[in-house]
Number of protein chains: 2
Amino acid sequence: MTVNLDDVDWAIIEQFQREARISVSELARRVSLSASAAAERVRRLETTGVITGYHAAVDLTKIGYPLLAVVRLKYPGNRHQPLRRLLEERHEILECLRTTGEDCYTLKVAATSMEHLEALVDELAGFGSTTTGVVYRQTLPHRGPARP
Amino acid sequence: MTVNLDDVDWAIIEQFQREARISVSELARRVSLSASAAAERVRRLETTGVITGYHAAVDLTKIGYPLLAVVRLKYPGNRHQPLRRLLEERHEILECLRTTGEDCYTLKVAATSMEHLEALVDELAGFGSTTTGVVYRQTLPHRGPARP
DNA sequence: ACTGAAACCCATATCTT
DNA sequence: AAGATATGGGTTTCAGT
C-alpha cells in the first residue's frame, strides 16, 4: 500500500501542503526540476493516489462559524447507517473519526452559536451518549507529516 | 469579525474547498463570472483572511503513516510552553485542539507503526494523563461548512 | 526519467463602460 | 463590478538524450 517516494517527491508534497496554488513552473523552480518534469511528477503523485486533492482552508469565524467543538460519541450497537446519513447532511460536521475505545466516534463540528451547537449535540445525542468540549484554539496550522 | 459574503463568494469558497488548483478562468466559468472579476473576488477573499491558504491532502497510508490516532490529554497546571515546543517539533502531530472539559487537549496523530505510536503517546504522557483511540476510518472526506 | 523548444492557453494589468 | 484587450508567463507536448 505504501508508495516509494524519493526526495523530490517529498519536496513536492511539502510545497503543495503549504501552498497548493503555486504554478507548476514555480514548483519546478523550488524543487530544482524543469517544468515538464515537475508536471509529470505531480501527475504521478495524483494518479497513484498519494495526493488525494487540493483544498482551500477558510477562517471559520469569518464565514459565520465562530464556534468549534469536539464531540465524542458512545455509539451502542452496530447500526451505523443513520449516523452516516446525518454526516452527509450536516455540513457543520467537519470531521468524523471512528476509533477504538469507549467513545466510538470523535467529531469536529463548527457552529454559528451556542444554540446551534446545542441543536447539533442534541441530534448526535439521538445516537448515543455524547461528551462535548468547546475549542478555545486550534494550536496548529494546517500541515502534514514529514518524511518518516 | 464576520465578513459579509454573497452567493458568488460562497460559490468560490465551495469550489476552492473541493478543488483548489483549478485556474481562475475555470473558476470564473463555474461561478458565472468574468475571469478578471473572479480574480478580484479571490484576491479579496484572501486579503480579508476568509481564505487562509490552499493545501494538498495526502493519503497518509501511502506515504508511510498507516496509523491514525486520537489522543486526549489531561494537562494539569498552566505551563503550556513545553507542549507547544513538542507540537512544533513532532510533525506526526497533525492537529491539536485545546478545549473546555477535563481533557484539555485533543490531538490527532499519524504513526508509522504501533511502536511509533507508543513512543508518541509516551512523549505526550510526560505532560499529563492520556487517553488514546486508534482510528478505524476517517468517515468524512475533506470539506468545509456550508452557508449558515 | 529529465531537458529544452514550440505552440497554445491562462493570468494579470489597464482601460472603458 | 464587468468586459475587452494586450502582454508576459505558464502549461503541454514532443523530440532528443
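Letters go in sequence order (proteins before strands), and every chain restarts at 1.
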Subject >> Qualifying residues under salt bridge (charged side-chain N to carboxylate O under 4.0 Å, His left out), relative to A/R43, sequence neighbours excluded >> reply: A/E40
Subject >> side chain to side chain donor-acceptor pair (under 3.5 Å): pairs with one or both residues in residues 51-60 of chain A, sequence neighbours excluded >> reply: A/E46-A/Y54
Original post:
Tell me, do A/V109 and A/V121 make a side-chain contact under 4.5 Å, heavy atoms counted?
Top reply: no
Subject >> Those residues that, when tested against A/S129, pass side chain to side chain contact (heavy atoms under 4.5 Å, CB included) (two or more places apart) >> reply: A/K74
Subject >> Over 12 non-hydrogen atoms of neighbours within 6.0 angstrom of CD in B/E89 >> reply: yes
Original post:
Does any residue of residues 10-26 of chain B have a heavy atom under 4.0 Å from DNA chain C, and if so, which ones, in number order?
Top reply: B/S23, B/V24, B/S25
Subject >> Flag side-chain contact, heavy atom, 4.5 Å: B/L5 against B/L45 >> reply: yes
**OP:** Name the first nucleotide and the last nucleotide along DNA chain C (5' to 3') that come under 4.0 Å of a heavy atom in chain B.
**Re:** C/dC10 to C/dA11
**OP:** Just say parallel, tilted or perpendicular for the rings of A/Y105 and A/Y75, cut-offs at 30° and 60°.
**Re:** perpendicular
Original post:
Which residues, if any, of residues 29-50 of chain B bring a heavy atom under 4.0 Å of DNA chain C?
Top reply: none
**OP:** With sequence neighbours left out, write down each residue that passes side chain to side chain contact (heavy atoms under 4.5 Å, CB included) with A/L67, or none if nothing qualifies.
**Re:** A/A111, A/M114, A/V134
**OP:** Mark yes when over 12 heavy atoms from residues, nucleotides or ligands other than B/E102 sit less than 6.0 Å from its CD; otherwise mark no.
**Re:** no
**OP:** State plainly whether the residues A/R85 and A/E88 are in salt-bridge range, i.e. N to O under 4.0 Å.
**Re:** no
Original post:
Can you pull the salt bridge (charged side-chain N to carboxylate O under 4.0 Å, His left out) pairs that have at least one residue in residues 115-144 of chain A, sequence neighbours excluded?
Top reply: A/R90-A/E123
**OP:** Indicate yes or no: at least one non-hydrogen side-chain atom of A/V135 is less than 4.5 angstrom from one of B/T106.
**Re:** no
Original post:
Where does the chain A footprint on DNA chain D start and end, counting 5' to 3' with a 4.0 Å heavy-atom cut-off?
Top reply: D/dG10 to D/dT13
**OP:** Please examine the side chains of A/L60 and A/V58, heavy atoms only from C-beta on, and report whether any two atoms are closer than 4.5 Å.
**Re:** yes
Original post:
Taking only residues at least two apart or on different chains, which pairs with a member in residues 103-113 of chain B satisfy salt bridge (charged side-chain N to carboxylate O under 4.0 Å, His left out)?
Top reply: A/R72-B/D103, A/E95-B/K108, B/R72-B/D103, B/E95-B/K108
Subject >> Degree of bending, the helix from C/dA1-D/dT17 to C/dT17-D/dA1 (end axes from five pairs; round to 10°) >> reply: 30°
Report all side-chain donor-acceptor pairs from residues 13-21 of chain B shorter than 3.5 Å, counting only partners two or more places apart or in another chain.
unit_1: B/Q15; atom_1: OE1; unit_2: B/R30; atom_2: NH1; d: 3.0
unit_1: B/E19; atom_1: OE2; unit_2: B/R30; atom_2: NH1; d: 2.9
unit_1: B/E19; atom_1: OE2; unit_2: B/R30; atom_2: NH2; d: 3.4
unit_1: B/R21; atom_1: NH1; unit_2: A/A20; atom_2: O; d: 2.8
unit_1: B/R21; atom_1: NH1; unit_2: A/I22; atom_2: O; d: 2.6

